[in-house]
Amino acid sequence: MSEFINENPVVLDNNQLPSRKDGGSQEFLLGDVTDEESVQRKKLLFKLDHSAKSPALESVELLDRLLLLDAPPDLTSDEESEETEEDFHDASETEKADPIDAQEIYDLLAHITDPEHPISLGQLSVVNLEDIEVHDSGNKEEMAEVIVRITPTITHCSLATLIGLGIRVRLDRALNPRFRITILLKKGSHQSENQVNKQLNDKERVAAACENDQLLSVVSKMLSTCK
Amino acid sequence: MLSLVKSLKLHKDRIWSIDESNGLLATGSSDRCIKIVNLKDNKFELVDELDDTVHKKAIRSVSWRPHSMLLAAGSFDSTISIWNREESGDELSSGVLEMELLAIIEGHENEVKSVAWSNDGLYLASCSRDKSVWIWEADETGEEYECISVLQEHSQDVKHVIWHPSLQLLASSSYDDTIRIWNDFDDDWEAVAVLTGHEGTVWSSDFEEVESNLRLCSGSDDSTVRVWKYLGDDEDDQQKWICQSILPQIHTRAIYSVAWGTNGLIASTGSDGLLAIYQEKEEGQWEIIAKRALAHGVLETNIVKWLQIDGNILLATGGDDGYVNIWKLKET
């Protein structure tokens with residue numbers, strides 16, 4: 001590869017990536033990370049964490065959420081609220097089972113390295129927490145589903161398929177086989193959206209790709225930075 | 001009602017394909033191995049494991065040559081292997097088959113996805129990600145293969161090929177969402193119909209075993225099973241086919257395999273692990289008469305075939321769990 005396809009991508013710092021520690025403010029921290037403006041805004045707001053007098057603090061709602069950030073995380077209550085939000089099954093079942101949630105999927109994917117830049121998919125906002133959908137009862141005897149919508153850094157990114165394959169391989173290896181994994185390009189994020197989506201979700205093509213040593217070594221390199 | 005007769009753990013990895021002939025069930029797997037199980041007399045015993053160093057990648061498809069002990073296997077390594085039993089004819093007394101490699105057929109540019117023998121055993125059809133269907137003519141011994149046609153009308157991977165059980169007719173299913181029907185005009189194979197309607201990859205198809213009423217069923221990524229009916233030829237020797245029925249929708253994900261039994265019933269299975277059986281009440285009117293969720297636990301089911309063993313009609317499924325499951329359909 002002589003030239004970068006996207007030479008100047010927007011990059012988030014690692015400590016800006018959503019994590020369990022962010023607690024109730026996750027939604028705000030993520031927002032809609034697809035455009036540069038929102039990323040800039042977000043970066044600004046992160047600075048606000050330290051200088052509470054910034055002019056960006058106009059919205060009371062935002063301020064409330066920032067305050068929540070400073071509060072010490074109460075892990076037990078966080079988990080409870082997550083379960084009621086993300087689990088569609090009744091409470092008695094979830095007590096026994098331990099369903100996978102979107103944050104766990106995000107943590108599996110965020111540190112995959114972009115095939116082009118030495119930067120992670122989380123930092124590039126190719127993978128975003130709010131674009132991960134999980135349907136899991138936690139019951140090992142039932143099928144479960146993960147849908148990941150990825151946002152390539154530019155709409156004609158020729159590496160979108162490779163990124164998607166890396167994500168699929170990562171999830172295939174990490175998750176119990178009861179999970180059905182669907183990888184999609186986020187709507188409007190790519191010129192050949194349907195074509196790439198069809199390829200990424202064709203079981204046979206994916207299986208054949210995984211027996212291609214050359215392709216697999218590229219994918220392994222992408223996954224080598226996973227924690 | 002579908003009851004599980006036998007569950008056989010045969011492979012370390014995903015079973016892609018199964019095929020049965022003379023009570024012998026062959027399986028092809030991602031573990032690059034082919035195994036053969038004797039189903040007769042309720043034995044279900046493993047009678048052969050073929051050399052797993054012949055293919056360098058997954059075995060995607062296996063097919064028995066009718067009335068013989070010859071097996072063809074198509075692999076992701078883009079080759080087809082032909083296996084034969086040394087001394088055919090005598091009964092399987094020792095419990096060991098000892099199939100041996102007879103030939104390797106090369107030609108496809110990349111992954112072979114499906115292989116199928118014609119009903120008379122004269123032709124072997126193969127298809128690949130290279131978008132082509134090849135028709136090979138085999139000699140009596142099965143050692144020599146001559147490619148007599150390369151059919152290149154599909155615009156994408158060809159996923160599956162199947163011959164009509166009695167007519168010289170081939171159907172191919174593709175990633176381009178269509179099924180194509182091919183006919184032989186004096187050793188010149190030509191497309192005579194394109195069946196369009198599926199809204200996703202067509203993973204497999206199967207002909208009804210009735211000559212007077214030419215029909216085909218198909219299963220697709222769009223999670224529907226469709227029945228197509230031949231209406232007649234036009235002046236240019238093109239066949240007119242219509243989609244006669246979309247079977248009652250029960251699958252929630254891709255349908256990887258469909259099979260039309262000699263009993264008239266259609267079976268379907270796929271990514272959702274569901275095995276469904278459909279019966280035709282009157283022509284074109286189908287209903288589900290049996291279903292089994294999680295036919296291979298929480299894993300995907302890749303293939304279903306009808307079997308006729310010791311006078312009983314059974315079903316066999318192969319899954320990502322490396323198992324072959326044998327099912328019996330009971331009247332309720």
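Order of the sequence lines sets the chain letters (A, B, ...), proteins ahead of strands, with each chain counted from 1.
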**Student:** Heavy-atom pairs under 4.5 Å with chain B are the metric here; pick the option from A/Lys140, A/Glu204, A/Arg178 that has the most.
**Tutor:**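 Most pairs with chain B among the choices: A/Glu204.
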**Student:** For the pair B/Lys159 and A/Asp202, find out whether any cationic side-chain nitrogen is under 4.0 Å from an anionic carboxylate oxygen.
**Tutor:**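 Looking at A/Asp202 together with B/Lys159, the answer is yes, because their closest N to O distance falls below 4.0 Å.
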**Student:** Give a yes-or-no answer on whether the side chains of B/Glu300 and B/Ser271 include a donor-acceptor pair shorter than 3.5 Å.
**Tutor:**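 Checked: B/Glu300/B/Ser271 side chains pair up, N/O donor to acceptor below 3.5 Å.
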**Student:** Looking at B/Asp77, B/Asn302, B/Asp321, which one has more heavy-atom pairs under 4.5 Å with chain A than the rest?
**Tutor:**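 The candidate making the most pairs under 4.5 Å is B/Asn302.
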**Student:** Select one option (side chain, backbone, both, neither) describing which atoms of B/Tyr256 are under 4.5 Å from chain A's heavy atoms.
**Tutor:**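 B/Tyr256 touches chain A through side-chain heavy atoms alone.
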**Student:** Is A/Glu145 close to chain B through its backbone or its side chain, or both, or neither, when contacts mean heavy atoms under 4.5 Å?
**Tutor:**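 The answer is the side chain of A/Glu145.
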**Student:** For residues B/Thr317 and B/Thr301, is any side-chain donor paired with an opposing acceptor at under 3.5 Å?
**Tutor:**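 Checked: B/Thr317/B/Thr301 side chains show no N/O donor-acceptor pair below 3.5 Å.
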**Student:** Which of the residues B/Lys113, B/Glu111, B/Arg14 is involved in the greatest number of heavy-atom pairs with chain A at under 4.5 angstrom?
**Tutor:**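 It is B/Lys113.
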**Student:** Check each atom of A/Ala207 against the heavy atoms of chain B and say whether the ones under 4.5 Å are side chain, backbone, both or neither.
**Tutor:**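 It is both, since atoms from each part get that close.
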**Student:** Nearest 0.5 angstrom please: B/Trp64 CH2 to B/Leu71 CG, how far?
**Tutor:**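 If I round to the nearest 0.5 Å, the distance is 5.0 Å.
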**Student:** Scan side-chain atoms only and decide if A/His135 and A/Glu133 contain a donor-acceptor pair under the 3.5 Å cut-off.
**Tutor:**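 Yes.
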**Student:** For the candidates B/Asp221, B/Leu294, B/Asn110, B/Asp320, which exhibits the highest count of non-hydrogen atom pairs separated by less than 4.5 Å from chain A?
**Tutor:**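 Going by pairs under 4.5 Å, I would pick B/Asp320.
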**Student:** Does the side chain of A/Arg149 come under 3.5 Å of the side chain of A/Asn128 through a donor N or O and an acceptor N or O?
**Tutor:**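 No, A/Asn128 and A/Arg149 have no side-chain donor paired with an acceptor closer than 3.5 Å.
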